[in-house]
2 protein chains.
Amino acid sequence: MRLSTRGRYGLKAMYQLAIHYGEGPIPLKNIADKQNLSENYLEQLVSVLRKEGLLNSVRGAQGGYMLSKAPMDITVGDILRILEGDMAPADCVTDGDFECENEENCVTKTVWIKIRDSIDEVIDSITLQDMLDKRQENDENTPVD
Amino acid sequence: MRLSTRGRYGLKAMYQLAIHYGEGPIPLKNIADKQNLSENYLEQLVSVLRKEGLLNSVRGAQGGYMLSKAPMDITVGDILRILEGDMAPADCVTDGDFECENEENCVTKTVWIKIRDSIDEVIDSITLQDMLDKRQENDENTPVD
DNA sequence: AGAATACCAAGCGAAATGGTTGGGATTAAA
DNA sequence: TTTAATCCCAACCATTTCGCTTGGTATTCT
């Protein structure tokens, strides 16, 4: 039950933008280079994050992307849900209108609900600011990238 | 981040076998019919569960499968890990020997660890017996299938 | 003998994944 | 005013994974 690269790269990119929050627009190329990702592919992910309101962009030379809100106001859950969809282990426990037959007597469904809820609790409780704080804990010599 | 049908069908099958624990071998056809799954496909999953020691089988007419242990001694985690592999959101937090560069300074990894651990806690704490108990809670008229 | 079962390996179409390609529009700087 | 940097967009593509199906063989009960 892995995340796809969408969620993983997306979080990396948002983290990288959080590091430079308040510095004006950061070009995608910088982010892709730092995190060692394909710029063209990352573009697709970032485009979705912008449309969903997590990022602002500035076009043209010296342009780039920046967080639309402070790092403490963006959670990992915000990012992952946009790029990966509901963090649900089965379709029957998504927000959507999917339904399986015999819903009431389905005991496995109760298991999927517990898994989903525990994931939600984790990802909704971690903000980009938390990640920035963690970064400084990690190593006094953490390079400012 | 959905489970595949392997994990979902596998848990359904194991639950069905738990319902009939102590009644001798249950043919795969019964299980497939009850849970509305392809018998041939289910066979592949069940075969793995047997090789990993969760099931015993009896060949020939009147044969079938049965749990190798009491329902209270088999967890959802046992089943899902066999059929889905590690319940880790990213390769870098599996039990395997995968490693990414810049491991020490990778803040996103700490996020994946928290997600993984919270999933583990849920699936390792639910046994098949818990599911049987839940079933009886659900409805006084729960049919014995 | 015949039917019911487990066991096994290979194949296979459809979908998802993880990109790449090729452009266009906008803007700052030279 | 040109040029380079950048965002923006849509289409395409190779590979892998998924969710089975097919076609058998071996075993055991009746």
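Residue numbers begin at 1 in each chain, while the letters A, B, ... track the order of the sequences.
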### Query
Hey, is CD on A:Glu121 packed in by over 12 heavy atoms from elsewhere, all under 6.0 Å?
no

Could you state the atom-to-atom distance from [atom1] of [X] to [atom2] of [N] in whole Å?
{"X": "B:Leu55", "N": "C:dC7", "atom1": "CG", "atom2": "C1'", "result": "14 Å"}
{"X": "A:Leu42", "N": "C:dT17", "atom1": "CG", "atom2": "P", "result": "17 Å"}
{"X": "A:Asn36", "N": "C:dG18", "atom1": "CG", "atom2": "P", "result": "16 Å"}
{"X": "A:Arg8", "N": "C:dT17", "atom1": "CZ", "atom2": "P", "result": "12 Å"}
{"X": "B:Met66", "N": "C:dT5", "atom1": "CE", "atom2": "P", "result": "14 Å"}
{"X": "B:Arg2", "N": "C:dA16", "atom1": "CZ", "atom2": "P", "result": "11 Å"}
{"X": "A:Leu37", "N": "C:dG19", "atom1": "CG", "atom2": "C1'", "result": "12 Å"}
{"X": "A:Gln62", "N": "C:dA30", "atom1": "CD", "atom2": "C1'", "result": "12 Å"}

### Query
Taking only residues two or more places apart in sequence, or in another chain, which ones meet B:Met66 in a side chain to side chain contact (heavy atoms under 4.5 Å, CB included)?
B:Pro25, B:Asn56, B:Val58

### Message
Treating B:Glu84 as the side-chain partner and B:Ser4 as the backbone partner, does any N or O pair qualify as donor plus acceptor under 3.5 Å?
### Response
yes

### Query
Just by distance, do the side chain of B:Arg81 and the backbone of B:Met87 share a donor-acceptor pair under 3.5 Å?
no

### Message
Who clusters with A:Phe98? Use side-chain heavy atoms, under 4.5 angstrom, across I, L, V, M, F, W and Y, and order the result by chain and number.
### Response
none

#### Entry: Letter per nucleotide, 5' to 3', of nucleotides 7-18 of chain D [B base touched, S only sugar-phosphate touched, - untouched; heavy atoms, 4.0 Å]
BBB-B-------

### Distance in Å, A:Lys29 NZ paired with A:Asp33 CG, rounded so as to fall on 0.5 Å steps
4.0 Å

